[in-house]
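Structure first, commentary second.
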Amino acid sequence: MNMKMTSRSLSRAALASTLLAAALGASLVLVTSADGAASTLGAAAAQSGRYFGAAVAAGKLGDSTYVNILNREFNMVTAENEMKWDATEPNPGQFSYGNGDRILNHAVSNGKRMRGHALLWYQQEPGWAQRMEGSGLRQAMMNHVTQVASHYKGKIYAWDVVNEAFADGGSGGRRDSNLQRTGNDWIEAAFRAARAADPGAKLCYNDYNTDGINAKSTGIYNMVRDFKSRGVPIDCVGFQSHLTNSAPGDYQANLQRFADLGVEVQITELDIAGSNMANAYGAVTRACMAVTRCAGITTWGIRDTDSWRGGENPLLFDGNGNKKAAYNNVLTALNAANPTTPTTPTTPTTPTTPTTPTTPTTPTTPNPGGCTASVSLNPWTGGFVATVKVTAGASALDGWRVTTVLPAGAAVTNAWSATNTGTTGTVTWANVDYNRSVAAGQSTEFGFQGTGNGQGITSTCAAS
Ligand code: G2I
């Protein structure tokens, strides 16, 4: 779905590659950049398998300037307030998903993914939870995590399971709160409950003032390392990045040390105040692009007038919806992540005697009642993004599975819009909830990023 925009902007190259691949009789299609740069943030980020998102407020979905920018530029959405505890469970055991669902439906129906924010946070607790302590609160917390993650099961790319649990200052320890007072294991309990409720969502810990190597970020680093060593399910760390004038000099090094623990890193709430903000936006984006496991960037709002930092003008669009200099710096940095002059030749590097079978593994005419899958590859030295198009045959699909065979040495590192079993060799992919149904003759897409050489990936599809 990310690649939809890429495909559009690269349609000439894609067409040429399609024809060439068809001539080779292979199901592999190489998508290379014909004229370089993508022209929107989402499409530019997708070229390197990343996303570009924004925090969205349900109350603004009627504002056409806002919605036009959202729809055009962003391919990931975070609800700014609508999935928080006070919004989703205003009374104990009574759940209210109206505004969260509105944002989710807008995102999904416009081909965007969602970050869920946030299951447990000491702020924006509903009043009834604020008044609780101890085992009663612990039970209420876990029930909240289970209920909300279950409601959104299969629809969330990544959840901020726990938000802002570490103290500011030099202690490197936890922040005091009624959540913390239920016992130091509350964070891992929340992650386990979230995994049980929605095994398809990546589970993140999210915090601020963690943008450089400091006592707070080191405290979190130690927690993540401990979780990984004990098998507590954590997949990602969110760096909010509410900045002024610049990012810390060790911003990239800090992202990298977390990535080296085996978690994805995400920039989750970026906004930058101050006169140097345009440069700083470029630097932050370049830092993310330089870290393989940095999956994407979300800005905390769209226009300056949408920002929680009233009057500081910290976003990429001005109050009228015009692109600012910072926007151009971000776009340039996103496009530079994947060379605008392709390192891959315009003629495929797939040998003319294909290593892929001369009889395509995917039928060229769809099986009635079945489905076909075709792979588009955006390769670079040492890695690739594969977009897989799943097309229903003569009957609609209500669930599908795709089997891909990766060449030796290639490995999946990151995927979207499908869940995988395995990361090397034969990898199977199953639909997520929102792309389970595909009408007869229609298509849906999922994608994955990998390391190694992805050329020669084959794919087969089956209805399930
Ligand atoms: O504070 C900035 C962000 C820091 N990290 C976590 C984020 O969730 C947080 O977002 C902000 C929202 O941008 C604000 O919109 O969280 C604030 C709450 O702490 C949000 O502010 C609240 C106001 O405090 C409420 O009075 C208001 O009813 O927004 C609510 C909805 O507009």
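Every number for a ligand or one of its atoms is a count from 1 in the order of the listing. Residues take their numbers from the sequence shown, with the count starting at 1.
Side-chain N/O atoms of Gln124 and Trp85 include no donor and acceptor closer than 3.5 Å. Asn163 and Gln123 share no side-chain donor-acceptor pair at under 3.5 Å.
Lys84 NZ, 3.7 Å is the protein heavy atom nearest to atom 11 (C) of ligand 1. Among all protein heavy atoms, the one lying closest to atom 4 (C) of ligand 1 is Glu269 OE1, 3.2 Å. Summary of contacts: the protein heavy atom closest to atom 29 (O) of ligand 1 is Asn81 ND2, 3.6 Å. Distance from atom 10 (O) of ligand 1 to its nearest protein heavy atom, with residue and atom name: Trp300 NE1, 3.2 Å.
The aromatic rings of Tyr152 and Tyr97 sit perpendicular, their planes meeting at an angle over 60°, well past the 30° parallel limit. Taking the six-membered ring where the residue is Trp, Phe191 and Phe227 present perpendicular rings, their angle passing 60° and hence far from 30°.
Both the sub-6.0 Å distance and the 45° axial angle are satisfied by Lys216 relative to the ring of Tyr208.
Distances between N or O atoms of His117 and those of ligand 1 include at least one value under 3.5 Å. Remark: ligand 1 and Asn163 share no N or O pair separated by less than 3.5 Å (distance only, no angle test).
Applying the 4.0 Å criterion to heavy atoms of His242 picks out, from ligand 1, the atoms 3 (C), 4 (C). For ligand 1, the atoms lying closer than 4.0 Å to a non-hydrogen atom of Glu80 are 12 (C), 13 (O), 14 (C), 15 (O). In the vicinity of Gln123, heavy-atom distances shorter than 4.0 Å reach the ligand 1 atoms 19 (O). The distance from ligand 1 to the heavy atoms of Gln124 drops below 4.0 Å at these ligand atoms: 16 (O), 17 (C), 18 (C), 19 (O).
For atom 25 (C) of ligand 1, no protein heavy-atom neighbour is found at a distance under 4.0 Å.
Contacts between Tyr208 and ligand 1 below 4.0 angstrom, taking non-hydrogen atoms only, are absent altogether.
Counting heavy atoms from C-beta outward, Val438 and Ser443 have side chains that stay 4.5 Å or more apart. The shortest distance between side-chain heavy atoms of Glu89 and Gln147 does not fall below 4.5 Å.
One finds no salt bridge joining Arg175 and Asp207 here, because no Lys/Arg side-chain nitrogen approaches an Asp/Glu carboxylate oxygen to under 4.0 Å.
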